Amino acid sequence: MADVIMVPDISRTVQKWRKKRGSLIMALHEVQNRYGYVPRNVSLQLAQLMDVPLARIYEVVTFYNYFNLEPPGRNNVAVCLGTACYLKGAPEVFDAHKKALGLEDGGTTGDGEFHLQSVRCVGCCGLAPVVVMNGQTVSKVRPEGVRDLIARCRKEA
Amino acid sequence: MTNPNGYESLPNAIINGASGPTVSCRINGSEVELPDGTTILDAARLLRLEIPTLCKHADLDPTAACGLCIVKVEGTHKMPRACCTPVEEGMEITTHNAEIMDVRRTVVELILSKHPTDCLTCGRNQNCELQTVASDFGIRQAVMPNIAHDLDRDSSSQALTLDPARCITCGRCVHICQDIQNVHALCFLDRGYGTRIAPAGVSLGESPCVRCGQCSAHCPTGAIFEFDETRDVWEYLMTPEYHAVVQIAPSVRVAIGEAFGLAPGTNLTGKLYAVLRRLGFDAVFDTNFGADVTILEEASEFIQRFLHGRGELPLITSCCPSWVDFMEKFHGDMIDHFSTCKSPHEIVGVLTKTYYADKMGIDPSRIRCVSVMPCTAKKWEIKRHESMSASGFQDVDVSITTRELARMIKQAGISFLDLEEEECDPVLGDYTGAGTIFGVTGGVMEAALRTAADLITGETMEQLEYNTVRGLDGVKEAGVEIAGRQVRVAVAHGLGHVETVLNRIREAREAGDEPPYHFVEVMACPGGCVGGGGQPYGVTNEVRMARARGLYSDDARRTVRKSHENPHVQMLYKDFLKEPLSAKAHQLLHTRYQARLTYTR
């Protein structure tokens, strides 16, 4: 993974929160929003700049679902495992994704192309089973159609 | 194992009688008056009622993590946790009845449902607080499906093994590592069922861990334990070509008895020498001898700096490897203040492979040096720098903890306590009272002052005991008069106490003022080595004090109590090293330091 250099505007924001009690989470929000995840070398800089142990940063980042330690893929694949999708065969659809991408839940491919995650109910149970690919809802997905879906996504990107 | 929540650990206010405001309450029907703020747990102990707990430890603030110490309070349907609920006026508390026991049993069953069941191959088998509670509650079958995590062990620090699958998330190790030691190597990652103990995104060996092992000394289960190296020792003992040499640290002698049912502080020096010979060692030495040599070098270094202005003041002691690691990682600006003198076991190691080998005509490549230490960090120290191989070989080959030696003795089936006391081998063995007190906070300072006073005045001073540097206060400051000059000293133990002392030094340095101290001693573990991370389980301040008393009475019994008066040390200098700080002494007995990264990635 290429080194991520802390850009000056984040550094300034971090300085803003420094020494303010309970503000670590605010600074982490800014990092997450800026990079889409919390890169380790940014965490290390943050620890130094804010005079907070890295252990504390990791406790916060791993506690809240909002933060990620891994970079998001260029393509985000969210497979719904909500009740309706589940009953309509979502586990098989999810397995097909795992197999096709060689990933576990929450993983990102080595080339950074795909990030796979399971989600709970995206609110269109009538279309179950549902996959949300880069924000686009794909309806009534069959396990055998997953490879094509991914190939199409790769071509578009 | 003594109970880490032992009766002796009552708040002082209870032991000494209350002086402040009090509250009256009833516990199991008995009327008691207690100091305001006393927790139900402590109040029960006063009445000799043992409420089980797996997270509360006498060294630590309560966290209410395990849920085992629930009690009933009249007038409420809730079951408050005794460890963090203070008694209130008029409270009617029940600590034990059938209903409470039933709830506690369920708590134990819940903990066990997330815990591996392979106790036989666990580092804490037969010495585990969870196992004891499960046994007390007569758990005979798992009533809930087991959902223990499959997590990898981490032995990358080569000093401690982290086995997070066995963690019950009580938080003791995290509390110790973060708040008491100020290291922040361990933390809780993730949440809920997924919560685990680990360093921040790296292995323990790549983390700021200074290997003090306090986490392992406080863990109630087998989630963290010493990196076992007894196999290497057995191999040395089994190989006829090897000349196996062993040494024991000061504080091992007053603690190992606990693993055999004796009271803390029982001095087993003579029996230890005997048992080490029975195990098959060819020569038995004592680290206390090395401590005497350390003092000659370190006191001479101090005089160079104090009287002749050669080097930075204060001089800071460096015999504690966790402290050295901590300084190199967190306080690199203090390197010039550090004594370059090696720690006592390294000194015995290098002298074994040079002086002793010469004297006995043994090829040093055949010698295997084992050190028995109260400490997990010594396992790292023996490889920390190239100067740890000053003899041309690694000076100490393996370092094992008190707990590992206790296991070796049990494996060997030796009736340890029935052995006749023996003497150690004289060449690197005889020690003074000054050497033996190295094992307790303030001991190195006291030993150094005894020698420095004589060397500075050129007379034999009568004062032997420096009581101001004794005891368990986190930072002890004292002024000692030597030859009409005031020597300002500070002693800190428990790494969380070090910052105060270092900041005072920095402030004076920045302001261009006189340094606040001339001489500073630091020990990483609370209480010094008597409270070391490799010592028998169940440490509390009472245990630390008892072990310390064992060393102070060893000191008081010695006819020679100053390091420079040790006849074997004198012979070593006359025949081999010439004088303290000589070229040869520098080559063999001194080391160097380097600033290190807290995280290597």
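Letters go in sequence order (proteins before strands), and every chain restarts at 1. What you see below is based on every heavy atom in this structure, not just the backbone, and it leaves out hydrogens, waters and symmetry mates. These figures come from a predicted structure and were not determined experimentally.
- Atom OH of A/Tyr86 sits in a sparse spot, with 12 or fewer heavy atoms from other residues, nucleotides or ligands closer than 6.0 Å.
- Among residues two or more places apart in sequence or in another chain, the ring-ring contact (aromatic ring centres under 6.0 Å, His included) test is passed with A/Phe114 by none.
- A distance of 9.5 Å separates CG in A/Leu44 from CG in B/Leu597, rounded to the nearest 0.5 Å.
- For residues 55-62 of chain A, the interface with chain B (any heavy-atom pair closer than 4.5 Å) comprises A/Ala55, A/Arg56, A/Tyr58, A/Glu59, A/Thr62, sorted by residue number.
- The 12-atom threshold is not exceeded at NZ of A/Lys99, counting heavy atoms of other residues, nucleotides or ligands nearer than 6.0 Å.
- Sorted by first then second residue, the salt bridge (charged side-chain N to carboxylate O under 4.0 Å, His left out) pairs that include residues 62-72 of chain A, not counting sequence neighbours, number zero.
- The number of heavy-atom neighbours closer than 6.0 Å to CZ of A/Arg147, taken from other residues, nucleotides and ligands shown, is 12 or below.
- Considering only heavy atoms from C-beta on, A/Leu54 comes within 4.5 Å of B/Tyr599 through its side chain.
- Counting non-hydrogen atoms of other residues, nucleotides and ligands closer than 6.0 Å to NZ of A/Lys98 gives a total above 12.
- Listed by sequence position, B/Ala200, B/Gly201, B/Val202 are the residues of residues 192-206 of chain B in contact with chain A, using a 4.5 angstrom heavy-atom cutoff.
- Crowding of A/Gln136 atom CD: a count of heavy atoms from other residues, nucleotides or ligands under 6.0 Å not exceeding 12.
- The number of heavy-atom neighbours closer than 6.0 Å to OH of A/Tyr64, taken from other residues, nucleotides and ligands shown, is 12 or below.
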